[in-house]
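Everything below concerns the one structure shown next.
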Number of protein chains: 2
Amino acid sequence: MAFDVLDILKRNNLSVTDSRKKILEIFQQAGGALDHADIEKKTGDSFDRVTIYRTLQTFEAKGIIHTIPTIDNSILYALCKEECSQGNHRDNHIHFICDNCNTTYCLNHIPQSVVQLPEGFTEKRTDIIVSGICNKCK
Amino acid sequence: MAFDVLDILKRNNLSVTDSRKKILEIFQQAGGALDHADIEKKTGDSFDRVTIYRTLQTFEAKGIIHTIPTIDNSILYALCKEECSQGNHRDNHIHFICDNCNTTYCLNHIPQSVVQLPEGFTEKRTDIIVSGICNKCK
DNA sequence: ATAATAAATGCAATTATGTTGCAAAAAATA
DNA sequence: TATTTTTTGCAACATAATTGCATTTATTAT
């Protein structure tokens with residue numbers, strides 16, 4: 001566990017700091033997606049709010065985490081799978097958000113160009129967000 | 001035009017007020033999706049910010065407008081099509097957001113249950129957001 | 001048409017959310 | 001271990017969103 005976290009930071013040429021280690025661990029334990037407020041809750045007052053914002057920004061820029069669109073005004077982040085490389089790590093994810101427990105699942109299913117766009121439209125990224133009830137809440 | 005707007009309000013048992021009429025007209029003229037800030041710009045200082053927030057909430061509750069997930073932290077709203085009834089007015093929309101001009105298009109294409117969910121997961125709503133370049137910006 | 005009732009609005013205050021500059025602290029490098 | 005580079009925390013600031021309440025406006029019943 002601790003090894004994984006160190007490894008991720010080193011692979012991405014990031015300084016190893018307490019906040020970065022802690023936030024990565026939180027993502028690993030959570031499994032699903034988290035927003036800034038979730039992380040702030042889980043870190044208590046160990047770190048400044050600003051540090052959390054900046055850490056999330058750094059991780060996203062490096063492709064360690066990716067954002068998930070939401071219907072409310074929060075920004076959800078989730079750990080990228082191994083396969084997600086710099087360029088395409090945002091593409092082809094399907095996310096499931098449980099209406100009951102609010103957990104976000106990253107489904108690894110890759111949609112085969114589902115959408116038929118009108119003439120003149122070019123697709124760059126497609127996000128599919130499914131909401132409903134998850135297997136734990138049913 | 002003015003008739004449409006009145007009609008919508010009456011069909012939904014809403015009091016006819018200046019702000020509600022104006023905001024509906026703005027949506028009709030815009031065609032695409034708008035967030036709170038867009039509407040505030042277009043109304044100038046005719047109405048208080050709070051009134052705009054409350055009007056959007058009311059419209060969403062009535063199924064007159066629906067929200068669209070976004071990757072930034074804005075809440076986008078768009079007029080529902082006629083066919084969208086109370087219960088399902090959020091389902092089966094595909095939205096296209098242009099990376100260049102930022103316009104949001106409501107595509108009427110209805111996906112035929114694209115996603116294969118794992119056992120125990122129940123789908124209630126599916127949002128598909130495609131981003132890229134629109135036909136005007138290409 | 002007018003009075004009574006109900007609903008919506010505007011204002012002020014409050015809370016939440018996000019950003020920036022800079023000095024101090026910590027990490028990486030030589 | 002000393003030097004350089006990077007990250008952090010603090011303070012200030014900016015924006016976004018919510019709530020309660022008095023006033024205004026719209027609806028309704030007479």
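Lettering follows sequence order; numbering is per chain, from 1.
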Distance-only donor-acceptor test, [X] side-chain atoms vs [N] base atoms, 3.5 Å:
| X | N | value |
| --- | --- | --- |
| B:R54 | C:dG10 | yes |
| A:R49 | D:dG9 | no |
| B:R20 | C:dA8 | no |

Worksheet item: Are side-chain heavy atoms of B:L9 and B:F59 found at a separation under 4.5 Å?
Response: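 When only atoms from C-beta onward are counted, B:F59 and B:L9 do touch, with a gap below 4.5 Å.
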Fill in: Any B:I64 side-chain heavy atom under 4.5 Å of B:R20 side chain
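Side chain of B:I64 against side chain of B:R20, heavy atoms only: no contact under 4.5 Å found.
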Discussion item. Please pick, from C:dG18, D:dA26, C:dT9, the nucleotide with the shortest atom-to-atom distance to any side-chain atom of A:I75.
Written reply: C:dG18
Worksheet entry | B:S15 side-chain proximity, nearest of C:dT19, D:dT7, D:dT27 |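 For B:S15, the side-chain atoms sit closest to D:dT27.
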Discussion item. Please tell me if B:N73 has a side-chain N or O lying less than 4.0 Å from either OP1 or OP2 of C:dG18.
Written reply: yes
Worksheet item: Has B:T51 got a side-chain N or O lying under 4.0 Å from the OP1 or OP2 atom of C:dG10?
Response: yes
Heavy atoms under 4.0 Å, any strand shown: does [X] hit a base, just sugar-phosphate, or nothing?
| X | value |
| --- | --- |
| B:Q57 | sugar-phosphate |
| A:S74 | nothing |
| A:T58 | nothing |
| B:S19 | sugar-phosphate |

Find the distance [X]:[atom1] to [N]:[atom2] and express it as a whole number of Å.
| X | N | atom1 | atom2 | value |
| --- | --- | --- | --- | --- |
| A:H36 | D:dA16 | NE2 | P | 17 Å |
| B:K21 | C:dA8 | NZ | P | 15 Å |
| B:D35 | D:dA17 | CG | P | 8 Å |
| B:L56 | C:dT9 | CG | P | 11 Å |
| A:I52 | D:dC10 | CD1 | C1' | 15 Å |
| A:D48 | C:dA24 | CG | P | 17 Å |
| A:Y53 | C:dT19 | OH | P | 7 Å |
| B:L9 | C:dA7 | CG | C1' | 14 Å |

Discussion item. Strictly distance-based, threshold 3.5 Å: is any side-chain N or O of B:D48 a donor or acceptor partner for the main-chain N or O of B:V50?
Written reply: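 It does hold such a pair.
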Practice prompt. Please work out whether the ring planes of A:Y53 and A:H36 are parallel, tilted or perpendicular, with thresholds of 30° and 60°.
Written response: parallel
Worksheet item: Are any of the side-chain nitrogens in B:R11 or B:D7 under 4.0 Å away from the carboxylate oxygens of its partner?
Response: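 Looking at B:R11 and B:D7, the cut-off is met.
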